[in-house]
Trainee: 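Dumping the structure here so I can ask a few things about it.
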Amino acid sequence: MLAKGSGGHGRRQRYPPRNARLPLASALIHMPYEHQQIEQEARRKWKELGVYRVANDPSKPKYYVLDMFPYPSGAGLHVGHPLGYIASDIVARYKRHCGFNVLHPMGYDSFGLPAEQYAIQTGQHPARTTEVNIARYREQLDNIGFSFDWDREVRTSDPAFYKWTQWIFLQLFGSWYDRRADKAAPIATLIACFEQNGFCDEGRRALTGDEEIEAPSFTAEEWKAFNEREKEAILQHFRLAYRSEAWVNWCPALGTVLANDEVKDGVSERGGHPVERKRMPQWSMRITAYAQRLLNGLDTLDWSDSIKEAQRNWIGRSEGALVRFPVVGGDELIEVFTTRPDTLFGVTFVTLAPEHALVDRITTDAHRASVAAYVEEAKNRSERERQADVKRVSGVFTGAYVKHPFTGEEVPVWVGDYVLAGYGTGAVMAVPGGDQRDWNFATHFGLPVIAVTEGADISKEADERKDATICSEGFLQGLKVPDAIKRAIDELEKLGTGERRINFRLRDAAFGRQRYWGEPIPIYYKDGIPYPLPESELPLKLPEVDKFLPTVDGEPPLARAANWNYQGHPLETTTMPGWAGSSWYFLRYMDPHNAGRFASPEAINYWQQVDLYVGGSEHATGHLLYFRFWTKFLFDRGWINFDEPAKKLVNQGMITAYSERIYLHKFGSFGSTSSNTFTYPDEVWTPVNVALPHSVQEFVSADVYERFQGDSEYFSRYTPVNVPIHCVKNGILDINTFMTERPDLMASVFICHNGFVLGSDGIPRREYRQNDLIEYKEPATLAFRTLSEPIVEKMSKSRYNVTNPDDIIAKYGADTLRLYEMFLGPLEQSKPWDTNGIEGTFRFLKKFWNLFHAPAEAASKADDGATPGQARSDNAALVSDEAPTKAELKILHATLKKVTEDIEKMSFNTSVSQFMIAVNELGTLKCNKRAVLEPLVIALAPFTPHIAEALWEKLGHHTSVTLAPWPPWQAEHLVEDSFSYPISFNGKTRLQLEFPIALDPKAIEAAVLANPEVQARLEGKAPKKVIVVPKRIVNIVV
RNA sequence: GCCCGGGUGGUGGAAUGGUAGACACGAGGGACUUAAAAUCCCUUGGUCCGCAAGGGCCGUGCGGGUUCAAGUCCCGCCCCGGGCACCA
């Protein structure tokens, strides 16, 4: 032990160790960076000091950083998950350093299908598995060192939380959208209107605006005479949460209804089960009432263009006209929506969706059979079939005709499945001359095609140009399309057969799920009429059930519960969808323990909107739309004072990963063939017959597979399958590791170019059959190759390409993981995970650490007061209080400037680079000066909080580095006296010349031209032009 | 088909219209070591000329254009990724 205590004088400072334990002398000479101990100690300290606890403190400016909370699945976190969390954590920590009171909470979206599916399989209560999964998530999150205030944790499945989800539901149920004020209002105000004026004529128009409401008209007297059931039936047309007959995506396999965005390619997003369209009573959310405001609000948000665009497309606003076609010989009207009323003179038929309500009523007897058959067929065709079969044109004539509003001509009415029941009115006026689908339909069925625009060649295709001139007969002839549209609508309104109409693609959101693991809907039924549960009855807790399955009569699981009623009246048995809790959770974090309100007005008023919201772009049209919708609703009703939930949204890119693939015999096994042998037609192995047990899976290595690319018969028998990446090294599968991972594949054979291995014993063999004698060879060293071509795909457990953060943290520490994930590239880009580069960030942290623990040689040079070569005898750092040099200050302030600016831009990869540059340069300068290192520790703390905490302590501080003020950069340290100008000729750099910054451009030009080398390049000719850009470049044009 | 991203070394990536390839990985060479690990130093876009010092040419998906100057701006394409889609 060397010179203990001698550092107490002289310039080198020493700080008392927190830790009385004396490390080994050998380790002291060069204190290594021991991440495990450092990180544990830092976490212990944070917990002890409670540094991440945040109070609602109105004296400080607030900043709200929110992550999209995770669904706690059984698989735990992989390295893709924390990417966004790390980024938001850096911002949260940075803002804290800058003096903001930062709300940075985390919680769990803990209702959901997988827990329920697991419960069905195992009988374990979803609450239990959810609990276990949450504990695992928490442990992993803690290991990464996030600065979440866990006292504010929320769980959507916690009754104390879902009480308020139910409460908001009741408010939605008790509200309607008042078009006159363009906001939601209590349903009582609507009832008052009805009592006073009824619902007819002008009053009706005022209340509904452009909205199409199916409710009948009635007078005030009629309203008063309605019984309760009749009144409620009418109110259901207005309530924001309502029950009505609706076309829903019914998934028989899941026994539930899915929202449009939960259906992908005609199958359920979770599970991939087929989905069919079905009409049934259904709880819905009237999000369509907010369509225009959801659209307008986008302009005020600092969200990525792609997300905003996705929402715009999803809302799908289109302007056009509603046109009514009277049915000939009946009193029905067929209403169609069109964006092109200018093409009305080109209408040659009208097409109804197979599900359209009028199909039955207008079909003539002669066509009844064929229409019924077609409708039946079209309805039974799954979405998937329709999708797979885009080219097919199908339809049938109803026998009915409608009257053209302008010409009075009779136009046939067809049914076609290219018309969707859920969009517009479920009927189209077909203009084959102006719409390609109509053209296809007309051509297929030999219906007339009329040219509507000048220059159209309707024999080949429809003309959909929107800048054309109308050529069809009638008053629109000669007008440009936009003018013709206006004129046509004017004419329709004059005739009373149509009007201007704005249509949205957005549909109301299905809100009921035939499921157990979700929030119960707080509604009971009296005589079949839905009534809201009184607020005092909330939360309506999930009841116990014997099984998590539907009942035998297909009722949802809640119907199994005993006493599932309120004062003898049955309670609703469907539960809320996954997006209910996540639509408002950001408010609960503001005041998570409030028992009397979803959050106090003071808390809401203080925290306001989320300042930064970070999450995946896959929520573009689902969560992020409902999130905005509920916020606007709560705003309308006065519970919050802002109508957008998040000012800024950043989408982290997905982490992709390299997958490893081998090939599997598609038809199960070769053992099932009669010969029980495998013939492997290799030039080396000709032929090899291997006797094997029955029913084994056969894998072949990728090089074997690739060698037979020419043999399509061989080729087609195999299909690529992923294998866990950690079972693969340098493209070679370790079969024994693979077997421990996948014991289910024990009865498999792995065939490679020079032999084979049985999964059951892992012994490599080669067996020849020559002249009917089987020859056994010495065990070969086998290289079972995976596909050499790299496969990059989304990181997910099902693709066996996940990397677990726990392993990385164990090996390198959380700080390295955090830094590396940020260093990988721009946050918003998707990028491949590849641990190859992680060494670089780990080395950086070691170098940074070593600046404070200079090895003996460096320390002795920096030291001018103590014995050369001495080292600390304790855990303190070796920093000097010497004044920094100009060069050192320049490095420091350049770094502070770059990092500060980059965090504001969320450009974390470039800040990490800057830190690396700084540490490399300070290392070269052997700088161990406090004045330089201390600000760097603070600046690095948001990125790598653990090491920063440890060094901060070594610098003698007893508080947490988390609370240190952000070091501002000072421009005076960055001023340069001179600049090395690149001298270019015609834009090509040829040489460098250094000039003082202060020198004016004229003088620089003269100096450059006087330079001998420049003279030589000019060869005596005068330059055409010389451009001098101060502090940038000199360009000589010759 | 439509909408949104994106194409830069062997790899991840950097670059207010102003020296393309910062930083890092990998690779090659060297130092230290009995050796390894760790660490440090040098080289590293391609190509050509030169013994060397050094120098030339090409180069940011492709083709044009604007500009003294283009990875960056404009026009026309190609390719990759993601999203949406019989949307009237």
Side-chain angles (χ1 to χ4, degrees), chain A residues 30 32 261 264 304-310 312-314 316 318 320 336-340 343 351 353 386-387 389-393 416-420 422-431 434-438 440-441 464 503-506 617-618 620-621 651 653-654 656 790 792-794 819-820 823-826 828-841 843-844 846-847 850 855 907 909-918 920 923-924 980-992 1023-1038:
Chain A
H30 180 183
D261 43 310
K264 290 256 146 69
S304 75
D305 285 339
S306 59
I307 294 281
K308 290 206 242 183
E309 210 45 43
R312 286 191 189 105
N313 291 338
W314 193 260
S318 51
V336 304
F337 171 73
T338 177
T339 54
R340 294 291 303 275
T343 62
T351 314
R386 289 197 192 188
Q387 199 118 19
D389 211 4
V390 180
K391 298 255 150 54
R392 179 175 144 189
V393 175
D417 68 1
Y418 78 99
V419 180
L420 302 179
Y423 183 79
T425 62
V428 299
M429 55 174 230
V431 185
D435 182 285
Q436 193 56 43
R437 283 164 322 211
D438 295 342
N440 293 345
F441 196 87
E464 298 189 343
N503 191 58
F504 292 95
R505 193 172 80 93
L506 185 71
S617 56
E618 67 271 26
T621 52
N651 303 112
M654 79 185 167
T656 57
V792 176
E793 53 189 357
K794 188 180 157 89
L819 203 61
Y820 183 57
F823 187 57
L824 230 40
E828 304 190 37
Q829 254 172 46
S830 78
K831 46 206 161 268
W833 179 260
D834 185 344
T835 46
N836 288 338
I838 203 163
E839 291 286 344
T841 46
R843 267 174 221 158
F844 159 77
K846 278 193 282 190
K847 285 189 224 171
N850 287 342
S907 173
N909 55 329
T910 50
S911 12
V912 177
S913 298
Q914 182 61 38
F915 279 122
M916 288 173 167
I917 292 167
N920 287 344
T924 308
S980 179
Y981 281 89
I983 311 299
S984 58
F985 290 76
N986 293 336
K988 293 188 181 190
T989 307
R990 287 291 179 253
L991 63 146
Q992 305 262 323
K1024 279 190 192 144
K1025 198 174 181 182
V1026 179
I1027 289 112
V1028 178
V1029 184
K1031 281 183 79 180
R1032 285 258 181 260
I1033 202 167
V1034 176
N1035 192 17
I1036 299 165
V1037 187
V1038 292

Trainee: When rounded to the nearest Å, what value does the distance between P atoms of B:rG82 and B:rG13 take?
Mentor: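 Those two atoms are separated by 16 Å.
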Trainee: With a 4.0 Å cut-off on heavy atoms, is A:V1037 in touch with a base, just the backbone sugar-phosphate, or nothing at all?
Mentor: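 Result for A:V1037 = sugar-phosphate.
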Trainee: Name the closest nucleotide to the A:D305 side chain, picking from B:rC4, B:rA88, B:rG12.
Mentor: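 Output: B:rC4.
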Trainee: Work out how far the C1' atom of B:rA24 is from that of B:rA14, and round it to whole angstrom.
Mentor: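 Pairwise C1' distance, B:rA24 against B:rA14, rounds to 11 Å.
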Trainee: How far, in whole Å, is B:rC77 from B:rG28 if one measures between their P atoms?
Mentor: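 Here B:rG28 and B:rC77 have their P atoms 46 Å from each other.
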Trainee: When the distance from CD of A:Q992 to C1' of B:rG18 is rounded to whole Å, what number comes out?
Mentor: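 Spelled out: CD on A:Q992 to C1' on B:rG18 is 13 Å.
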Trainee: Once you apply the 3.5 Å cut-off to both distances, tell me the Watson-Crick or G-U wobble partner of B:rC86, or none.
Mentor: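 Across all strands, not a single nucleotide pairs with B:rC86.
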Trainee: Does a side-chain N or O from A:R990 land closer than 4.0 Å to OP1 or OP2 of B:rG56, or not?
Mentor: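 Yes, because at least one side-chain N or O of A:R990 sits under 4.0 Å from OP1 or OP2 of B:rG56.
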Trainee: Donor-acceptor pair, distance only, cut-off 3.5 Å: does the side chain of A:R505 make one with the backbone of A:N313?
Mentor: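 Answer holds: yes.
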Trainee: If we take the C1' atom in both B:rG26 and B:rC74, what is their distance in whole Å?
Mentor: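 Result for the C1' pair: 39 Å, nearest Å.
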Trainee: To check you understand the geometry: which heavy-atom pair defines the closest contact between A:Q436 and A:E464, and what is its length?
Mentor: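 Scanning both residues, the minimum pair turns out to be N-OE2, 2.7 Å.
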Trainee: For A:D438 and A:M429, work out which heavy atoms get closest and say how close.
Mentor: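 Heavy atoms only, the tightest pair is OD2-O, 3.8 Å.
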Trainee: Closest approach of A:V1029 and A:I1027, non-hydrogen atoms and distance?
Mentor: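 Closest approach of A:V1029 to A:I1027: CG2-CG2, 3.8 Å.
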Trainee: Determine which nucleotide pairs with B:rA31, using a 3.5 Å limit on both distances of a Watson-Crick or G-U wobble pair.
Mentor: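 The answer is B:rU39, by the H-bond criterion.
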Trainee: Pick the closest RNA chain B nucleotide for A:G987 and for A:K831 by heavy atoms, then say which residue is nearer the 5' end.
Mentor: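 Looking at the nearest nucleotide for each, A:K831 comes out on the 5' side.
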Trainee: B:rG55 phosphate, OP1 or OP2: any side-chain N/O from A:K988 under 4.0 angstrom?
Mentor: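 For B:rG55, neither OP1 nor OP2 has a side-chain N or O of A:K988 closer than 4.0 Å.
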Trainee: Report the distance from atom CG of A:N1035 to atom P of B:rC68, rounded to the nearest whole Å.
Mentor: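 Between P of B:rC68 and CG of A:N1035: 10 Å.
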Trainee: Whole angstroms only, please: what is the CG-P distance between A:N850 and B:rU39?
Mentor: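 Those two atoms, CG and P, are 9 Å apart.
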Trainee: Quick one: closest heavy-atom pair of A:T343 and A:V431, and the distance?
Mentor: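 Closest approach of A:T343 to A:V431: OG1-CG2, 3.4 Å.
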Trainee: Just verifying a value: how many Å separate A:E839 CD and A:K846 NZ, rounded to the nearest 0.5 Å?
Mentor: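 With rounding to 0.5 Å, CD (A:E839) is 7.0 Å from NZ (A:K846).
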Trainee: Over all heavy atoms of both residues, which pair between A:A430 and A:Y418 is shortest? Give the atoms and the distance, please.
Mentor: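 Looking at all heavy atoms of both residues, the closest pair is CB-OH, 4.3 Å.
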Trainee: Would B:rG45 be called syn or anti, given that syn covers angles within 90° of 0?
Mentor: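 Anti, which is what one calls it when the glycosidic angle falls more than 90° from 0.
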Trainee: Sort out the partner of B:rG17 for me: Watson-Crick or G-U wobble, both distances under 3.5 Å, none otherwise.
Mentor: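 Partner of B:rG17: none found under 3.5 Å.
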Trainee: For nucleotides 23-30 of chain B, list the nitrogen or oxygen atoms of the protein found under 3.5 Å from its nitrogen or oxygen atoms, one pair per line.
Mentor:
| residue | atom | partner | partner atom | Å |
| --- | --- | --- | --- | --- |
| B:rA24 | OP1 | A:N920 | ND2 | 2.8 |
| B:rC25 | OP1 | A:R843 | NH1 | 2.5 |
| B:rC25 | O2' | A:N836 | O | 3.1 |

Trainee: Which heavy-atom pair separates A:I1033 from A:S984 by the least distance, and what is that distance?
Mentor: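 Scanning both residues completely, I find the closest heavy atoms to be CD1-OG, 4.0 Å.
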Trainee: Take atom C1' in B:rU8 and the same atom in B:rA20, then report the distance between them in whole Å.
Mentor: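 To the nearest whole Å, 8 Å.
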Trainee: Are any of the side-chain heavy atoms of A:Y820 and A:F844 separated by less than 4.5 Å?
Mentor: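 SC-SC contact between A:Y820 and A:F844 ruled out.
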Trainee: Measure the distance from NZ on A:K1031 to C1' on B:rU16 and round it to the nearest whole Å.
Mentor: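 In whole Å, B:rU16 C1' and A:K1031 NZ are 13 Å from each other.
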Trainee: Any donor-acceptor pair under 3.5 Å linking the side chain of A:Y981 with the backbone of A:R1032?
Mentor: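 Checked: no pair found.
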Trainee: Which nucleotide, in any strand shown, forms a Watson-Crick or G-U wobble pair with B:rU66, with both distances under 3.5 Å?
Mentor: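 By the stated definition (distances under 3.5 Å), nothing pairs with B:rU66.
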Trainee: Check the distance between B:rG83's C1' and A:N651's CG and give it to me in whole angstrom.
Mentor: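 Rounded to whole Å, this separation is 12 Å.
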Trainee: Where the side chain of A:K1025 meets the backbone of A:N1035, is there a donor-acceptor pair that is under 3.5 Å apart?
Mentor: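 Pair absent, no side-chain N/O of A:K1025 close to backbone of A:N1035.
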Trainee: Given B:rU19, B:rC4, B:rA14, identify the nucleotide with an atom nearest to the side chain of A:E309.
Mentor: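 Per side-chain heavy atoms of A:E309, the pick is B:rC4.
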Trainee: If you assign each of A:P982 and A:Y423 to its closest nucleotide in RNA chain B, which residue comes earlier from the 5' end?
Mentor: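 Whichever sits nearer the 5' end wins; that is A:P982.
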Trainee: Heavy atoms, side chains only, cut-off 4.5 Å: are A:S306 and A:S304 in contact?
Mentor: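 A:S306 reaches A:S304 side chain to side chain.
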Trainee: Which nucleotide sits closest to the side chain of A:P826: B:rA14, B:rA88, B:rC68?
Mentor: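 Output: B:rA14.
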Trainee: P atom, B:rU60 versus B:rG7: distance in rounded Å?
Mentor: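 Per the computed distance, 14 Å lies between those P atoms.
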Trainee: Scan nucleotides 7-10 of chain B against the protein and return all N/O pairs shorter than 3.5 Å with their distances rounded to 0.1 Å.
Mentor:
none

Trainee: Any side-chain N or O of A:N909 under 4.0 Å from OP1/OP2 of B:rA14?
Mentor: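 For A:N909, the contact criterion (side-chain N or O under 4.0 Å from OP1 or OP2 of B:rA14) is met.
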Trainee: Could you give the CZ-to-P distance, from A:R505 to B:rG83, as a whole number of Å?
Mentor: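 For the pair A:R505 CZ and B:rG83 P, the rounded distance is 15 Å.
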Trainee: Would you mind reading off the distance between A:R1032 atom CZ and B:rA20 atom P, rounded to a whole angstrom?
Mentor: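 To the nearest whole Å, that distance equals 14 Å.
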Trainee: Under 4.0 angstrom, heavy atoms only, what part of the nucleic acid is A:D834 near: base, sugar-phosphate, or nothing?
Mentor: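 Nothing: the residue A:D834, judged by heavy atoms under 4.0 Å, touches no strand.
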Trainee: What is the distance from CG of A:D417 to C1' of B:rC86, rounded to the nearest Å?
Mentor: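 The answer, rounded to whole Å, is 9 Å.
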Trainee: Reckon A:L824 touches a base, only the sugar-phosphate, or nothing at all at heavy-atom distances under 4.0 Å?
Mentor: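 Contact class for A:L824: sugar-phosphate only.
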Trainee: Using a cut-off of less than 4.0 Å, is there contact between a side-chain N or O of A:R312 and OP1 or OP2 of B:rG83?
Mentor: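 False: A:R312 side-chain N/O out of range (4.0 Å or more) of B:rG83 OP1/OP2.
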Trainee: For atom P, what is the distance between B:rC23 and B:rA36, given to the nearest Å?
Mentor: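 About 29 Å, rounded to a whole number of Å.
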Trainee: Under a 3.5 Å limit for both distances, which nucleotide forms a Watson-Crick or G-U wobble pair with B:rU44, could you say?
Mentor: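 Partner of B:rU44: B:rG26.
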Trainee: Apply salt bridge (charged side-chain N to carboxylate O under 4.0 Å, His left out) to A:E309 and list each qualifying residue two or more places apart in sequence or on a separate chain.
Mentor: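 Salt bridge (charged side-chain N to carboxylate O under 4.0 Å, His left out) list for A:E309, sorted by chain: A:R312.
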Trainee: For a quick check of understanding: with a heavy-atom distance under 4.0 Å over all strands, which category does A:K1024 fall into, base, sugar-phosphate or nothing?
Mentor: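 Contact class for A:K1024: none.
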Trainee: What does A:K846 touch in the nucleic acid at a heavy-atom separation under 4.0 angstrom: a base, only the sugar-phosphate, or nothing?
Mentor: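 A:K846: backbone/sugar contact only, no base atoms under 4.0 Å.
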Trainee: Taking the side chain of A:Y418 as its heavy atoms from C-beta onward, which of B:rA88, B:rC86, B:rG18 lies nearest to it?
Mentor: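 From the listed options, B:rC86 comes nearest.
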Trainee: Can you check the distance between B:rU43 and B:rA38, where both ends of the measurement are the P atom (answer in whole Å)?
Mentor: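 Looking at atom P only, B:rU43 and B:rA38 are 22 Å apart.
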